[in-house]
Amino acid sequence: MTSNSFLDEATARGFVFQCTDTEALRAAMQAGPITAYIGFDCTADSLHVGSLVQIMILRLLQKHGHKPVVLLGGGTTRIGDPSGKDESRQLLTDETIAANMVGIRRCFTPFLRFGEGPADAMLANNADWLDTLGYIPLLREVGVHFTINRMLGFDSVKLRLEREQPLTFLEFNYMILQSYDFRELSRRHRVTLQIGGSDQWGNIIAGIELTRRTDAKAVHGLTTPLITTASGGKMGKTAQGAIWLTADRLSAYDYWQFWRNTEDGDVGRFLRLFTDLPLDEIARLEALGGAEINEAKKILATEATSLAHGAEQAALAADTARRAFEEGEAAATLPSVTVAASDLEAGIPAFRLFALAGLAASNAEARRLIRGGGAKVNDVPVTDEGQLIATSLLRDGAIKLSAGRKQHRLVKTA
């Protein structure tokens, strides 16, 4: 493994969008393993696949012998990052942020090796230093290195101003605090590389400049591309909501199904970004045509689910899908929803039950699903959106609902 194999593989897999100075970063890696970080604000109690590119590039970094640092934004979450946002985020309480931080920690353990070794990942919390900052000392020591002219030129600020949308003074300070994070991690843990999404470019540059001006240290920045689907949609957004990384938010089966439903044009790209498969094997799978592309999608789904939920859960999800779709069997391991026995005895309108089961985001969407011919009960098409689904339809203690060919739920009674 060469000292620059991380940059080579990261580029080949499609992780690299911009780099402040590729040759300087190569030289730093040539001198030995480096330490790099990515920050994650604690706006929810889990991460979703929108953060998966960042997690996977940290995984790749560790694979090549470098040390990843996961920075949790216990401090910056109290402000809210304006980058890529059209409006201010709702401010969270300290209690909510603390609870979210506990939940988010779980997202990294399947992907990264934590420990005390030189290449073991570590967690940091920027509240450890941001919460102790004094306002006047911050202005004197750090504020003098930021000009309003430069800050107004950053895309995260310019976009909001061009749209005449408010940008609070609170949010305006975010880039200063993120810059402070980079310098603090450089001082505390010898971090020399910050990685972030493409919308973080301005914030990363600001941190590099602050570290250079105050500490005379050369540090580096690298961004990953915004990931959209082949049809132009936002990665990880579905009619049923976000694709969460933790099992209490989304079952391993539904996670597997998300990847199985990948568009044909995205299969090779997603295999490179979201699995550990060798590039030559991915090239072979990407070249499959016709119905064979579905086998590549199943491999993508199983490999991606193995990383997030473990090989056993991935195999179980794949087997459940095979039995449900290829053998027409309502497998007991399909995701289920429980309704009161009295409600089912009286009968529940089909549209309401499909929405309740999570196969549609609302009653109106469930009605459209049924009108479009995409709904089935026990593998029989539903033609009347008001059809009552009752206990007479129970088969082995459950009713199988299907939305299209790939989304299924079992309805059970309590």
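One-based numbering along the sequence shown.
- Between G74 and A127, the shortest heavy-atom contact is C-CB, 3.8 Å.
- Closest heavy-atom contact between P68 and A119: CD-O, 3.7 Å.
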_What verdict does the side-chain contact (heavy atoms from CB on, under 4.5 Å) test give for H145 and T214, after you've listed the backbone C-alpha separation in whole Å, the side-chain angles of each residue and the deciding distance to 0.1 Å?_
CA-CA 9 Å; H145 299 290; T214 61; 3.4 Å; yes

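- A salt bridge links K297 with D264: the closest approach of a Lys/Arg side-chain nitrogen to an acidic carboxylate oxygen falls below 4.0 angstrom.
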*Could you please spell out the steps behind the side-chain contact (heavy atoms from CB on, under 4.5 Å) verdict for R260 and L300?*
CA-CA 7 Å; R260 170 63 180 84; L300 167 63; over 6 Å; no

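- Of all the heavy atoms in S179 and A206, the pair that sits closest is OG-CB, 3.2 Å.
- Between the CZ atom in R249 and the CD1 atom in I243 there is a gap of 12.0 Å [rounded to 0.5 Å].
- No side-chain donor from either of H189 and T35 sits under 3.5 Å from a side-chain acceptor of the other.
- Salt-bridge check for R409 with D254: passed, with a basic side-chain N closer than 4.0 Å to an acidic carboxylate O.
- Under the 3.5 Å distance criterion, with hydrogens and angles disregarded, a donor-acceptor pair is assigned to the side chains of S5 and H64.
- For R106, the CZ atom is densely surrounded, since the number of other residues' heavy atoms within 6.0 Å is greater than 12.
- In this structure, D8 pairs ionically with R26, as a charged nitrogen and a carboxylate oxygen lie closer than 4.0 Å.
- Relative ring orientation between H48 and W244 is described as perpendicular, the plane-to-plane angle rising above 60° on a 0-90° scale split at 30° and 60°.
- Using a 4.5 Å cut-off on side-chain heavy atoms (C-beta onward), F270 and I227 make contact.
- In the model, Q178 has a side-chain atom that pairs as donor or acceptor with a side-chain atom of Q200 under 3.5 Å.
- Counting all heavy atoms, side chain and backbone alike, L279 lies closest to A12 at CD1-CB, 3.8 Å.
- No side-chain heavy atom of I79 sits under 4.5 Å from any side-chain heavy atom of T77.
- Judged by the 6.0 Å distance and 45° axis criteria, R367 is positioned over the aromatic ring of F351.
- To the nearest 0.5 Å, the span separating CD1 on I299 from CZ on R284 amounts to 6.0 Å.
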*Does the salt bridge (Lys or Arg N to Asp or Glu O under 4.0 Å) test come out yes or no for D128 and R188, once each step is laid out?*
CA-CA 12 Å; D128 291 346; R188 292 182 180 221; 5.3 Å; no

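- The shortest side-chain heavy-atom distance between L60 and F15 falls under the 4.5 Å cut-off.
- Remark: K63 NZ to L112 CG distance equals 14.0 Å, nearest 0.5 Å.
- Q54 and T224 are linked by a side-chain donor-acceptor pair at a separation below 3.5 angstrom, with hydrogens and angles left out of the test.
- Contact of the E209 side chain with the F146 side chain is not registered, since no non-hydrogen atoms from C-beta on lie closer than 4.5 Å.
- Side-chain contact between E281 and L285 is present, with at least one heavy-atom pair separated by less than 4.5 Å.
- Put simply, the side chain of D266 never gets that close to the backbone of T229: no donor and acceptor are under 3.5 Å apart.
- Within the 4.5 Å cutoff, the side chain of I55 has heavy atoms near those of the L245 side chain.
- For N126 (side chain) and D181 (main-chain N/O), no donor-acceptor pair under 3.5 Å exists by modelled atom type.
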*Dump the intermediate steps for side-chain contact (heavy atoms from CB on, under 4.5 Å) on V267 and L288, then the final yes or no.*
CA-CA 10 Å; V267 173; L288 296 176; over 6 Å; no

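- For the residue pair T43 and D41, no side-chain donor N or O sits within less than 3.5 Å of a side-chain acceptor on the partner.
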Donor-acceptor pairs under 3.5 Å, side chain of residues 303-314 to any protein atom, not counting sequence neighbours: which ones?
residue : atom : partner : partner atom : Å
T305    : OG1  : A301    : O            : 2.6
S306    : OG   : T302    : O            : 2.8

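- A distance of 11.0 Å separates CG in D319 from OH in Y253, rounded to the nearest 0.5 Å.
- Heavy-atom neighbours of R190 CZ from other residues, nucleotides or ligands within 6.0 Å: at or below the threshold of 12.
- Judged by distance alone, with hydrogens and angles left aside, the side-chain atoms of T262 form a donor-acceptor pair with the main-chain N or O of W259 at under 3.5 Å.
- Looking at heavy atoms from C-beta onward, L222 lies in side-chain contact with L7 at the 4.5 angstrom threshold.
- Comment: E286 engages R272 in a salt bridge, judged by a side-chain N to carboxylate O separation of less than 4.0 angstrom.
- In this structure, R183 satisfies the cation-pi test against Y180, with its NZ or CZ atom closer than 6.0 Å to the six-membered ring centre and inside 45 degrees of the ring normal.
- Taken from OG1 in T223 to CD in Q194, the straight-line distance is 10.5 Å, to the nearest 0.5 Å.
- In this structure a side-chain-to-backbone donor-acceptor pair under 3.5 Å is present from T275 to L277.
- Here F108 pairs with F40 under the ring-ring contact (aromatic ring centres under 6.0 Å, His included) rule; sequence neighbours left out.
- Between atom CG of residue D45 and atom CD1 of residue I97 there is a gap of 13.5 Å, rounded to the nearest 0.5 Å.
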_Intermediate values then yes/no, side-chain contact (heavy atoms from CB on, under 4.5 Å), R212 and K217_ = CA-CA 5 Å; R212 177 180 57 81; K217 287 184 180 178; over 6 Å; no

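- When all heavy atoms of T96 and T93 are compared, the closest pair comes out as OG1-OG1, 2.9 Å.
- When atom types are taken as modelled, the side chain of D21 and the backbone of A24 share a donor-acceptor pair closer than 3.5 angstrom.
- Smallest separation of non-hydrogen atoms from T338 and A414: CG2-CB, 3.4 Å.
- The side chain to side chain contact (heavy atoms under 4.5 Å, CB included) test with L193 is passed by exactly one of I38, I208, L25, I204: L25.
- Salt bridge absent: K67 and D120 never bring a charged side-chain N and a carboxylate O closer than 4.0 Å.
- Here the side chains of E365 and S362 are in contact, with some heavy-atom distance below 4.5 Å.
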